[in-house]
Amino acid sequence: QVQLVESGGGLVQAGDSLRLSCAASGRTFSSYTVGWFRQAPGKERESVAAISWGGTTLYIADSMKGRFTISRDRAKNTVYLHMSSLKPEDTAIYYCAAGPTQSEYNSWGQGTQVTVSS
């Protein structure tokens, strides 16, 4: 099983930028997809972004297009979520996940809290 650890969350003000990291350890797969998800209080978990093993961005949620980007550093075995122009509605626990495909995530991190004040 792959272990995932998120970091980079915190308390910021509306309009600020933040970079979240998802570091993988343990078993390494030759090909896998990594996605970012978030869950706000009282809301369903939603998909934020996804990236392929080769570094192609597979998905960015409509409400986050133009503000969020996803990238991968193969050498560091780390995936990043770059967030800018943050809004209070971005407040949530952010999770990363990995698996063979976007519909087969089988490893999840513990999450990191992002709080955006207005």
Side-chain angles (χ1 to χ4, degrees):
Q1 191 73 231
V2 175
Q3 289 78 50
L4 303 175
V5 179
E6 303 95 335
S7 63
L11 175 63
V12 298
Q13 291 186 308
D16 283 354
S17 296
L18 204 59
R19 186 185 75 171
L20 305 184
S21 299
C22 174
S25 62
R27 293 187 180 183
T28 301
F29 301 97
S30 60
S31 181
Y32 59 91
T33 296
V34 174
W36 282 96
F37 298 80
R38 71 184 187 184
Q39 187 163 28
K43 295 186 177 181
E44 293 280 304
R45 185 181 67 195
E46 64 176 329
S47 181
V48 173
I51 191 167
S52 72
W53 181 85
T56 299
T57 297
L58 300 175
Y59 175 81
I60 300 288
D62 286 344
S63 65
M64 290 158 255
K65 288 180 179 177
R67 299 191 300 119
F68 290 12
T69 60
I70 187 169
S71 65
R72 163 175 277 166
D73 186 331
R74 290 280 293 149
K76 295 182 178 180
N77 222 22
T78 300
V79 171
Y80 303 98
L81 180 67
H82 310 263
M83 306 183 292
S84 63
S85 301
L86 285 164
K87 306 173 181 179
E89 50 263 47
D90 293 319
T91 295
I93 300 175
Y94 285 71
Y95 302 88
C96 64
T101 69
Q102 293 178 74
S103 61
E104 293 184 83
Y105 291 117
N106 52 28
S107 185
W108 291 78
Q110 293 287 88
T112 185
Q113 177 71 47
V114 172
T115 302
V116 184
S117 64
S118 60

Practice prompt. Test Val48 against Phe68 for side chain to side chain contact (heavy atoms under 4.5 Å, CB included), laying out the working first.
Written response: CA-CA 9 Å; Val48 173; Phe68 290 12; 3.7 Å; yes
Fill in: Test side-chain contact (heavy atoms from CB on, under 4.5 Å) applied to Val116 and Leu18, Asp16, Leu86, the passing residue
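Considering Leu18, Asp16, Leu86, a side-chain contact (heavy atoms from CB on, under 4.5 Å) with Val116 is found only for Leu86.
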Fill in: Test side-chain contact (heavy atoms from CB on, under 4.5 Å) applied to Met64 and Met83, Lys87, Arg38, the passing residue
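Considering Met83, Lys87, Arg38, a side-chain contact (heavy atoms from CB on, under 4.5 Å) with Met64 is found only for Arg38.
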With a 4.5 Å heavy-atom cut-off, do [X] and [Y] have their side chains touching?
X: Val79; Y: Trp36; result: yes
X: Val114; Y: Asp90; result: no
X: Tyr59; Y: Gln102; result: yes

Worksheet entry | side chain to side chain contact (heavy atoms under 4.5 Å, CB included) between Thr33 and Trp53, worked out | CA-CA 6 Å; Thr33 296; Trp53 181 85; over 6 Å; no
How many angstroms lie between [atom1] in [X] and [atom2] in [Y], if you round to the nearest 0.5 Å?
X: Thr57; Y: Lys65; atom1: OG1; atom2: NZ; answer: 11.0 Å
X: Glu89; Y: Ser118; atom1: CD; atom2: OG; answer: 9.0 Å
X: Lys43; Y: Thr91; atom1: NZ; atom2: OG1; answer: 9.5 Å
X: Thr101; Y: Asn106; atom1: OG1; atom2: CG; answer: 9.0 Å
X: Ser52; Y: Tyr32; atom1: OG; atom2: OH; answer: 10.5 Å
X: Asn77; Y: Ser25; atom1: CG; atom2: OG; answer: 8.5 Å

Worksheet entry | Ile51 vs Leu58, side chain to side chain contact (heavy atoms under 4.5 Å, CB included): CA-CA, chis, key distance, verdict | CA-CA 5 Å; Ile51 191 167; Leu58 300 175; 5.8 Å; no
Can a donor-acceptor pair be found, under 3.5 Å and without considering hydrogens, that links the side chain of [X] to the backbone of [Y]?
X: Arg72; Y: Gly55; result: no
X: Ser84; Y: Arg67; result: yes
X: Glu6; Y: Gly111; result: yes
X: Thr78; Y: Lys76; result: yes

Discussion item. Minimum heavy-atom separation for Ala14 and Pro88, please, with both atom names.
Written reply: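 So the two residues come closest at CB-CD, 4.2 Å.
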Fill in: Nearest atoms (heavy-atom pairs only) where Leu4 meets Ala24
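In terms of heavy atoms, the two residues are closest at CD2-CB, 3.7 Å.
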Item to complete: Please check if Val12 and Leu20 belong to a single hydrophobic cluster, counting links between Ile, Leu, Val, Met, Phe, Trp and Tyr side chain heavy atoms closer than 4.5 Å.
Response: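 Yes, same cluster.
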Fill in: Steps toward side chain to side chain contact (heavy atoms under 4.5 Å, CB included) verdict (Ile70, Ile60)
CA-CA 8 Å; Ile70 187 169; Ile60 300 288; 4.3 Å; yes
Worksheet entry | Qualifying disulfide (SG to SG under 2.5 Å) pairs with a residue from residues 78-118, counting only residues at least two apart or across chains |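 Those involving residues 78-118 are Cys22-Cys96.
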Worksheet item: Which residue pairs pass the ring pair (Phe, Tyr, Trp, His ring centres under 6.0 Å) test with at least one member in residues 90-115, sequence neighbours excluded?
Response: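 Sorted pair list: Phe37-Tyr105, Phe37-Trp108.
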